[in-house]
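Here is the structure we will look at, set down as structure tokens.
In this text the structure is predicted, and so the values were computed from the model without any measurement. Computed over heavy atoms, backbone and side chain alike; hydrogens, waters and symmetry mates excluded. Below, chain A is the first sequence line, B the second, and so on; all start at residue 1.
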Amino acid sequence: MSLAGAAPRRKQSPVITAEHDTSDALLRARPAALLAWYDRHRRTLPWRAPPGATADPYAVWLSEIMLQQTTVRAVGPYFDKFMARWPTVTALGEASLDDVLKMWAGLGYYSRARNLHACAVAVTRQHGGRFPDTEEGLRALPGVGPYTAAAIAAIAFSRRTMPVDGNIERVVSRLYAVEDELPKAKPRIKALAETLLGPSRAGDSAQALMDLGATICTPKKPACALCPLMQGCTARLRGDAESFPRKAPKKTGTLRRGAAFVVIRGDQVLVRSRPAKGLLGGMTEVPNSDWLPDQDEAAAKAQAPALKGVSRWHRKAGVVSHVFTHFPLELAVYVAHAAAGTRAPTGMRWTQISTLSDEALPNLMRKVIAHGLGD
DNA sequence: AAGTCGTGGGC
DNA sequence: TGCCCAAGACT
């Protein structure tokens, strides 16, 4: 690792030291330095083509959608499952939305799955099974925003554009000590990030910055000594790299409470589907009450489904706690047993407990059912 | 334009 | 433990 700290201090401008060299020469050298680092330290990931090879646009798109606000670790098995079952965008475009939701269950942000399916349908039916190869064309697809469009254009189609994700925001905001808070600083960070593009290999430049952000320029305790861009990194020189990017403190949502009802009929449990849009849109759930701040247990329990031929409700000890992005939730769980032949109320259905793993069950509902079935 | 939208892991 | 964070998009 060449740290390049041996360059002599400049005598003409005492403020600018070799370690804080922001000369034109250094700035021009950054894209190549970044790519050189990438060639040695790039992560091997399932959706990445081997060095020098062209990436499959479908794999790039699928991975980019899954990786939105989601860790590489969490995405790995889902990406493999999707690629095995639907190897092409056309195959995915011919699948049912329900099958896609089932496969996505557990990964979170379910609007992504709905948009994923809509996008595959659009590419299949309106684009002849081929992804648009321009940023503008990609941006028009469902679920493809400014970041994802730029990422696919650069990585899969070698377009000279720089996607800006959370990693790149962090790296660039430190490099230039951008004081403006996010999201106000986004346009400036985008412009600064583009200065790291060289004449070619835009996709590798972007992935290099992402890998850098994920492994070196981390949110906490960045390993600046190992960074190929350490020279002239303003935040590092100031010694407060960790304080970037600046962002307004986020408020935590208020706790909401409710009740969930696990009705067991032999080896089956009563479920229904949530409305297509909104929280957990289109996913499967057991009947449950409203989720409201300061809702007392009696009010929640009063929302139990009306069923004939069902035992009394038994409240399981404790609660199921879950944390959504914008509020925490506590659900009391009630269990009842239904006689064989008991009809499911309108809009509900019985499903085999043994095949729940195949349902489009969000993890919250997996926790609820496990709590209800447990001792 | 600020709020909505999951989940798991790290410290 | 509680809080922050992760390859953002949509409204």
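Across all strands shown, Pro163(A) has no heavy atoms under 4.0 Å from either base or sugar-phosphate atoms. No contact: Ile65(A) has no heavy atom under 4.0 Å from any strand. Within 4.0 Å of Lys251(A), counting heavy atoms only, lie sugar-phosphate atoms of the nucleic acid but no base atom. Across all strands, Ile168(A) comes closer than 4.0 Å to no nucleic acid atom at all (heavy-atom distances).
Relative orientation of the Trp47(A) and Phe79(A) rings is perpendicular, given thresholds of 30° and 60° on the angle between their planes. Ring-plane geometry between Phe324(A) and His322(A) is classed as perpendicular, the angle between the planes exceeding 60 degrees on a 0 to 90 degree scale with a lower cut at 30.
Shortest non-hydrogen contact noted between Tyr78(A) and Met66(A) is O-CE, 3.6 Å.
Read 5' to 3', the first and last nucleotides of DNA chain B with an atom closer than 4.0 Å to a heavy atom of chain A are dG3(B) to dG10(B).
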Can you build the contact string for nucleotides 4-11 of chain C? Use B for base contact, S for sugar-phosphate-only contact, and - for no protein heavy atom under 4.0 Å.
-SBBBSS-

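A residue-by-residue look at Phe327(A) and Asn363(A) shows that Phe327(A) has its nearest nucleotide of DNA chain B further toward the 5' end.
Both tests hold for Arg30(A) against Tyr176(A): distance to the six-membered ring centre under 6.0 Å, angle to the ring axis within 45°. Cation-pi geometry between Arg256(A) and Phe327(A) is met: the NZ or CZ atom falls under 6.0 Å from the ring centre, inside 45° of the normal.
dC5(B) and dA7(C) are spaced 23 Å apart, taking the P atom of each and rounding to whole Å. Across the C1' atoms, dT1(C) and dG8(B) are found 16 Å apart, a figure rounded to whole Å.
Judged by distance alone, with hydrogens and angles left aside, the side-chain atoms of Asp165(A) form a donor-acceptor pair with the main-chain N or O of Ile168(A) at under 3.5 Å.
With Asp211(A) as the fixed residue, the salt bridge (Lys or Arg N to Asp or Glu O under 4.0 Å) test singles out one of Arg43(A), Arg40(A), Arg42(A): Arg43(A).
Considering only residues two or more places apart in sequence or on other chains, Glu297(A) meets the salt bridge (charged side-chain N to carboxylate O under 4.0 Å, His left out) condition with Arg315(A).
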